[in-house]
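This is a predicted model, so every value here is computed, not measured. Per chain, numbering begins at 1; letters A, B, ... match sequence-line order.
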Amino acid sequence: MLQHRLGALAFSLVSVATFLLCSCARSRSANDSSPGSEPFFTPAHPTVANAVKEFLGWRATPIQPIAFPHNKHIANGIACMVCHTGVSKGPVAGIPSDKLCMRCHEFLASDRAEVKKVAGYFNSGLDVPWQRVYGFSPSAHVKFNHAPHIRAGVDCSRCHGDVTNMTVAVRAVQINMGFCLGCHRAQQASTDCVTCHF
Amino acid sequence: MAQTAEQIQRDLLRPVLDPSRRAKPVIAGLALLVLAGFSAWMYQMYTGIGVAGIRRPVFWGFYITNFVFWIGISHAGTLISAILRLSNATWRRPITRCAEVITVFALLIGAMFPLIHLGRPWLAFWLAPYPNQRGLWPNYRSPLLWDFFAINTYLIGSLIFLLLPLIPDCALLRDNVTGWRNKLYSLLSLGWRGTQKQWHRLEAAMHIMAILIIPVAVSVHTIVSWDFAMTPVPMWHSTIFAPYFVAGAIFSGIAALIIAMVFLRSSLHLEEYLRPECFDNLGKLLLVMSLLWFYFLFAERLTTWYGNARPEIAVFWLTQRGPYRHLFWVMVGCNFVLPFPLLAIKKLRTIAGTFLASVAVVIGMWIERYLIIVPSLSHKFLPYAWGTYRPTWVEITITAATFCGMALLYLLFSEVVPVVSIWELKAGLREPVR
Amino acid sequence: MSHCWGMAVDLDRCTGCGACVIACQAENNVPTVGEEAAQKSRTMHWIRIERYYEGEFPNPRVRFRPVLCQQCDNAPCEPVCPTYASYHTSEGLNGQVYNRCIGTRYCANACPYTVRTFNFFNPVWDKPLHLQLNPEVSVRQIGVMEKCTFCIQRIKASEIQAKAENRALREGEPVPACVQSCPPKALVFGDLNDPDSEVSRLARSPRGAKLLSELGTQPKITYLQRDSWDGPNS
Amino acid sequence: MERRDFLKFGVLTGATATLTACEKPVQQLVRFVPEEDFVPGVATWKPSLCTLCPAGCGVTVRIMDGEAEVVRNGQRGILKMGLAKKLEGNARHPVNRGKLCARGQAGLQVTYHPDRVSGPLKRSSSRGSGDFQEIGWPEALSEVVTKLAELRSQQQADSIRFVTGEMRGHRRELINQFLASLGAPAAVQFAPLDEPVLRRANVLAFGRAAMPSFDLERANYVISFGADFLGTWNSPVAQSIGYGEMRRGRPGNRGKFVQVEQRMSQTGANADEWVPSSPGSEGLLALGLAHVIVKEGLRSNPTEINSSREVEEKLKDETYSPTQIATRTGISANRIERLAREMAAHPPSIAVIGGTPLAQTNGLFNALAVNLLNMVLGSIGSPGGMFFAPGASTVKEASSANQSVDFVAQVLSGGLENAEVLFLDNTNPVFAMPPSWQVSQKMKRTPFIVSFGRFMDETSVLADLILPDHSPLESWLDDVPESGTSEAVFTLAAPAMRPLHNTRAMPDVLLEIAHSLGGSVSEALPWKTFEEMLQASYRELARAERCHPTDGFEKFWGRMLEQGGWWDGQCQIHSPESPALEFQAPEFVPPRFDGSEQEFPFYFQPYVAEAFLDGSLAHLPWMQELPDALSTVMWGSWLELNPKTAEKLQIQQGDLIQVRSRHGSLETPAVLNPAIAFDVVAMPMGQGHAQFGRYAAQRGANPMSVVAPLQVEQVGSLAWAATRVSLSRTGRKGRLSLASGALYEQEKELELR
C-alpha cells in the first residue's frame, strides 16, 4: 500500500490535485450520501470524500448493528462453518440469516440485550443489516471464491486473523493484491489476472 | 541595425520591468476562459467522460486531435531554433526564444490531453514504471507508453533548452530588480556572473542541447504518429505516417511561431527586432513545409485510392465525397491553396501575408489531425458498426480554453522574461552581418 | 491438458432472433444505457447481430451475423494497452482486467471488430432491477472498457468444480450464456485443443471462415457461411 | 388423455376431496416458497414457466441468495432471500428443450421492474386521471365482496364481465368456475397475439380450434405465408429449434424455406426465396400452387378426405391457374409453377400461415386456402408435416377459442357499457384496439372496474381498484402448451421466489373473494389456495398416468415440481385427426382496404415487434434496448418504407413522418428498408404507450391509432392490416436510435443515419 501511495504522489501534482478535487465520477447528484436510500443502484462512489478514501486505501471500520461476540460462540464449540455455511461449498462464506440465530437463541440467552435485538429483527420479518468486514471494493473488480481455498487447506485465520479472540470481527489482515499474490506465488497457484478479476 | 547595446537592453527589458497596463484586461479575459475550460474538465471528471461526444466506434475525438495538434505545434520551437542555431543563421537571434517558449507551453498543453481524455485520469500514474505490491509494470509494447516517455523526455529537453540561454538574461534582470523578483531571477540565473568560463560552458551546453534535441523532437512526433500507424485501422496503418506527422508538426510549428511573433511585435513594440526579413525567411521555410505537406497528402491519398482496398476506400470516400468533404477541402485550402501564393510570391510574403498564411495553416493543420482521427474510426471494417461523432460543449470549451491558455502563458511569460534574447542580440552586434 | 476455448457460429442456422444478446446481458451484468445514450451508439451489448441487406426489392436478401469478441490469438487490442488491462490469458483468451483499465480506449480503436464497449458513465439500475445482477460477475465502473469474456465466470466455475471432483472437464462444459440460449443452435462452444469436440469439428468445416481473416488476427471464432438451396440434396 | 377431460377430472375430484379438507376460510393468503437453506453464493435452479407469450415454454430460474430491500409490516429493511438471477430454457421441457428467446429471458425484469404496482390501489379522483391511493388488502377485498354480494342479491350477476389475456391451465379454469358459481357469463379473452382466424379455419378444415404445430426437423420444404414463425408467431422457440435442424441437422439434406410477405420479417430474412405477393392475395397464391400440384398430378401422398374429389375438381378450375392469378398476386406464372413443382418434388413440405394475411378482411379465405394446400401436399399429421399438439384444444372448445372475437363483439354490441362490474386480468384492450372502437370511453361508463394488473397500463389506469398480481416467478403456474410439441405436456411450476412486494396471486384472491361471499360460491370453490386446487387436479393425472405406474401422489407431485411439469414422449396421444369430412375448397374473396388508393396510396402493415410483441413487453428496458432484427432501432417506434419510395417522397432516414388514415394520424421517424414493397409501409406494434412504467410511457407511436376498424369477414376479429395510409413529411427529424451504421456490407455506401 505504501508504494502504491508513494507512486501516486510521486507521479504528478496534476493527477493528484485534480483527483482530490473531483475524482469521484458519478452519473447523478451526490447530495444524498446515505447508501441504500437512492431509487437507483450504481457502482459510483456516493461522495467525493468516499472516492478519495478509497483511492488512498482508507477503509472505515464497519459498525455492526449487533455486537456479535465471535469468541463466545467459538468457545462454545461452534465451528466457523456452522454459520458461514457457504465457505466450503462456494464463493461466498455467507453471513447467516437471523433465522439461524433464532434456532438457538429462541431459548438460549434470550434475555440478553443484543439477543433481543436479533429477535426484534426476526419478529419484524427482516434480517439483520450486518456490515461487511472484508469484502472487496467494487472498483477492485475481484471475484474471490472461498471453496477452492478451503480445499487447498488455507486456514481461515490466514486471511481473517485469530477470530477466536475477537468479539465483533475486525479486519485483522490487510488484504490487498500483494497479499493474495504472495500466497499464490508461494503455492504456485495461478497468477493469471482472470483467475480473480472478471 | 542602428541599435546599440544599451538600446537593446532598454527596449527588451521594458516589457518586463514596466509591463503595459493594457495587457491586464486581456490577461484577465484569457484567464477567465481558461478557468471555463478547467471547469469543463472538472465537470467531465465529476460526471464522467461520457459528457464528451465520443462514442462507439469513434472512441477518440477532439481531445486526441488537440493532443496531436499541440504536440505538433511544439515542434516549432526547439527544432527550428536548434537547426538555426546549428546552422548559425544570424536572423534566428531575435526569434529563438519565442520559438523555444512555444515548444514548452505547447508540450505542456498537449500532454494534458491524454489525461483529459482518459476514462479514469486519476489512475494515470500507472503509466509510470515504479515497483509496487502488485508486481505489475506498464506494457512497454504499447505506443502510448512510448508516448509517455517520449513526451516527458522532450519536455525536459525543451525546458533545459529554453532555460539555458535564459541564464544571462535572468542575471541581467536580477541586477535590475529587487524584492521577490530578485530572488526568482537569482534562482533562474544559477549564479551567473558572466565570466569567460561561464560563457564558454554556456555555449558548449547549448551546442550539445541543440544537437540532442533534434532527434528527440523527430522521435516525439514519430511516436505520436505510431499511436495511429501501429493499429490496424483503415488509413491509419500506414508507413507514411511518421514523416507525414513530423513534416506536419514542423509546418504547423512554424505557422504558430509566425503568429506569436506578429503579436509580440505589435504588442511589445519590437518592430526594430522582429524585422521583416525574419518573417520573409520563416515564410520561405513555411512554403517549403507547405509543399512537403501537400506532397505527403497527395502520396497518401493516391496510394489509398489506387490500392482500392475495401475498408480503406470507404474511409477515403468518406472524406473525399462523404460528410467530411467540406472539412477536407477547407483543409487543403488552408494548408496549400491559400498559403502557396502568399508565400511563393515575394511581394505577398510580407508580415501580413505570412501572418495570414500562418493562421490558415494552423486552422488547416488542426482540421488535418481531426480528419486523420475521426473518419477512420467512424468507418472501420464492419459497416454495421459504423458510426458518427459530434463534439459536445465540453470538448469545445476545453479546446478553446487551451488556445486561450497558450496565449495566456505566452503573455505572462513575456512579462516575466524578455522574449527576445538580449545577450544573443548583443552578441550579434559584435559579428559582421552575413 | 490446457484448454483453448473457441466458438463456431453457423450462419445457416442463425435466425437473428436476439436471444443471445439478452442472455449475455442477463449473465454479464451488461447495463442498459437509455435512449439518449443509445442514440449516440453507446449501448453496451457484448454481442450484436449484424444485419446486412443484399440487393433490392423485389429480390432483397438479408444476412445476419452475430459478432462478439473474436478472442484473437493475435489480438490487436492487447499490445496497445499501456497497463496490461487487455492481455492474453493463459488459456489464450483476450482478458480484460477492469480494475487495471485507465480508459485510454486504445484497445477499442485497435479492435477491427468494434466489439469493445466503454463505460462512458457509471451504469445505473433503477431499484429493484439491481436484484437481477449476477453476483459472479463484476459490475463495471465508469471509464472502464469491457467486452465479451466467453463467460469466463462460467469457465472458471466449471474448472473449479472439475478440480474439486478431481476430473477433467466434460464436453459441453462450460457453456457461455449466448450459446446456452441459442434456439436454432447456431452457436457452438468448446475446446479447440480437443480434436473430437463439436467446435473443433465445425471449425474444420469447408464452410468455415474467420471474420476479417485478411488482418491476420487469428480469431477463435469460426463462422460457417450460410448455404443456398439449389436442389434437394444441396 | 385430453386436456379438457383432465381439467374436468381435476375440478370434480378437487371438489369432493376438499369437502373434508375445507375447515374455515384461510387467513393467510400470501404464500411463500417453503423456507429453504440456500448455500450463499451457490446457484440453485428451479423450474418455472414463461407466460409472456402463448407458446408456454418451460424455463429454469437461477436462484441465488441475496439481500432485497423490502417493506415488511410497515418497516423498511433488508431481507435475505432467494432471488431470481437468470432465466434459461428448461432443458427437459418438450417445447423449448433448454432454449429460450430474448423476450422469455427478459421476463426476469417483470419481477424486478421498478414501476410494479406494489400493493392494492383505490382510485382517488376521476377515472383515467391516474390518481390512486394505497389501501390494505382487507379493505380492497371487502369492497369487491360487497359489490359482488350486492349484485347477487339483485339477481344481476349476469352483468359481471371478466376479461383476460391469453390464459390457459387452471388459472382460466378457476376464473370460469368462479364466474359460473356467481352466475356470471364466462370470461372473455382479449389476446392480440391470438389467431382467431386461423383457429376458425382449423375448425372448418380439421375440426380443431387449435394452433398448429410443425415438424420442421424432418421437413424438406417450408413455405410460410406471412408467419413470423422464427420470431414471434405461435411457438417461436420450438420452431426455431426445428428450423436449425432443417437447415443443418441432417447432413447432406438442407431443406428449402420460402417466405411470402410484403415486408421482410425476421423470419423472411432467413428464407432461401422471398416472394412478395400483393397484400391479401396469399390465399390465392396458395390455391394457385395447389392448382398446379393437382393439375400436374404431382401429389405424392395427399391427405385423404371424403370430399377429395370435389375439392380436386374445384382446384383444377382455371380461375386458379398461375396465368389467371399472376396479376392479382403479383407473382409471375412461371414462378408459381416452379414453386409448386419444387414443393411437390421435395416432400415432406409444409405450408404455414400467420400474421398479416390473417389480418386482412379475407383472412379466413387465406387461412383455408393454406390449409387446403397442406392437404394437397399431404402434410397433415405426417412426419415432416403439420399436426396438432396433444394438449391442443379440441373442437368442443371451438366457441371458447373464439373468445378474442367475442371481446370485439362485446365492445361493439355494448357489452362493456352494460357491465356493472368489470374484472381485468393481464390484458390491455385500450392500447391494442383501434381508438375508433372507443374501448376506453366505453369502459369509463362501467360503474366498477377491478384490475389485477401488475403494472399501471392504459387499461388498468381506468380501474377503480387495482389488486396487483404476483409476478409469474412469484406464482404457482400451470399450462398446457397448445403447440410446438408432439408430446402431451402439462407444465407446472411452484413460485421460484418469495414476493418482493405487497401483492397477492390473482387465483388466491379470487378464492378468498369466493370464500368471503360464502354460500354456493364458496362451496363451488372449496380450495384454500390455488396450490391446493392444482394439487387436487393433478392428483387425477397421477391416477390416470397410463405409462408409468406411480408410487403415490406425493412422489409424483414432487417429481412434477422438480422437473417443471409432466410429459412423456411415450405417451404420445397422436393428434392428426381426420380432417372435417365436408371440407370445401374456399371461394376466393378479394381483400378490402379502408381508404381510397388515390388519397391513401400505401398499404399500412403493423407487425408484431420482435421485442415488444403486441406491446405487453414494452415496459422492459432490456427489450427496449434490444435492436430490432431488421431495422436495428432501439427505444422507439419507426415506419419502414422502401428507399425508392422514400426518394420519391423526398424522405430521408430519420425524418419525422406523418402517417394519416381515414381514422387518425400519427408521427414517427422513417427507416429505410430495401426489403419492403414500394406500396407498403410497415410499423411495429408495441410502442406508443401512454402509461406502462417509465421505460415505455410516452415513447414512440402506437400504430393502432391509425388502424381502421375493419373486421375479418366471417370471423369478426380486427383486420389490422387492411388500412391504407398517406405519408407526409413534417420537416422535422425524429428521435431514432439505430444500432446499425449501414444497410449494406459491400457497396460503397456513405450515407449514415
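If you measure heavy-atom distances from C:I102 to chain B, the contacts under 4.5 Å come from both the backbone and the side chain. Interface remark: C:Y52 contributes side-chain atoms only to the contact with chain B (heavy atom separation under 4.5 Å). Residue C:R48 touches chain B through its side chain alone, counting heavy-atom pairs closer than 4.5 Å. Neither the backbone nor the side chain of C:Y87 has a heavy atom closer than 4.5 Å to any heavy atom of chain B. With a 4.5 angstrom heavy-atom cutoff, C:T217 does not touch chain B via any of its atoms. If you measure heavy-atom distances from C:V67 to chain B, the contacts under 4.5 Å come from the side chain alone. Using a 4.5 Å cut-off between heavy atoms, B:W236 contacts chain C through its side chain alone, with no backbone atom that close. Of the atoms belonging to B:Y389, not a single heavy atom falls under 4.5 Å from chain C. Only the side chain of C:Q141 comes within less than 4.5 Å of a heavy atom of chain B; its backbone N, CA, C and O stay farther away.
Interface check for chain B: of the options C:E78, C:R65, C:R100, the most heavy-atom pairs under 4.5 Å are formed by C:R100. When each of B:I54, B:V51, B:V233 is scored by its heavy-atom pairs under 4.5 Å with chain C, the top score falls to B:I54. Your options are C:T114, C:T83, C:N109, and the one with the most heavy-atom pairs under 4.5 Å with chain B is C:N109. The choice from C:T117, C:N99, C:L211 that makes the most heavy-atom pairs within less than 4.5 Å of chain B is C:N99. Here B:P143 is the residue among B:P57, B:P143, B:G53, B:P114 with the most heavy-atom pairs under 4.5 Å with chain C. Between chain C and the residues B:R390, B:H117, B:M230, the most heavy-atom pairs under 4.5 angstrom are made by B:H117. Among the candidates B:L144, B:I64, B:L123, B:L145, the residue making the largest number of heavy-atom pairs closer than 4.5 Å to chain C is B:L144.
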So C:E54 and C:R63, salt bridge (charged side-chain N to carboxylate O under 4.0 Å, His left out) or not? Walk me through it. CA-CA 8 Å; C:E54 278 169 8; C:R63 286 182 299 120; 2.3 Å; yes

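Summarising the geometry, atom CG belonging to B:D227 is positioned 7.5 Å from atom OG belonging to B:S142; distances are rounded to the nearest 0.5 Å.
Heavy atoms only, all atoms of each residue included: B:R56 and C:T43 are closest at NH1-O, 3.3 Å. The minimum heavy-atom distance between C:F150 and C:C69, with the atom names listed, is CE1-O, 4.3 Å. Nearest heavy-atom pair across C:A8 and C:L202 is CB-CB, 3.8 Å.
Under the 4.5 Å side-chain criterion, counting only non-hydrogen atoms from C-beta, C:C24 is not in contact with C:H45.
Evaluated for a side-chain contact (heavy atoms from CB on, under 4.5 Å) with C:T104, the options C:P82, C:C81, C:S86 yield exactly one hit, C:P82.
In this structure, B:W305 places its CH2 atom where only 12 or fewer heavy-atom neighbours from other residues, nucleotides or ligands lie under 6.0 Å away. Annotation: C:E36, atom CD; neighbour count of heavy atoms from other residues, nucleotides and ligands within 6.0 Å does not exceed 12.
The backbone N or O of C:V30 lies less than 3.5 Å from no partner atom in the side chain of C:N28, so there is not a single donor-acceptor pair.
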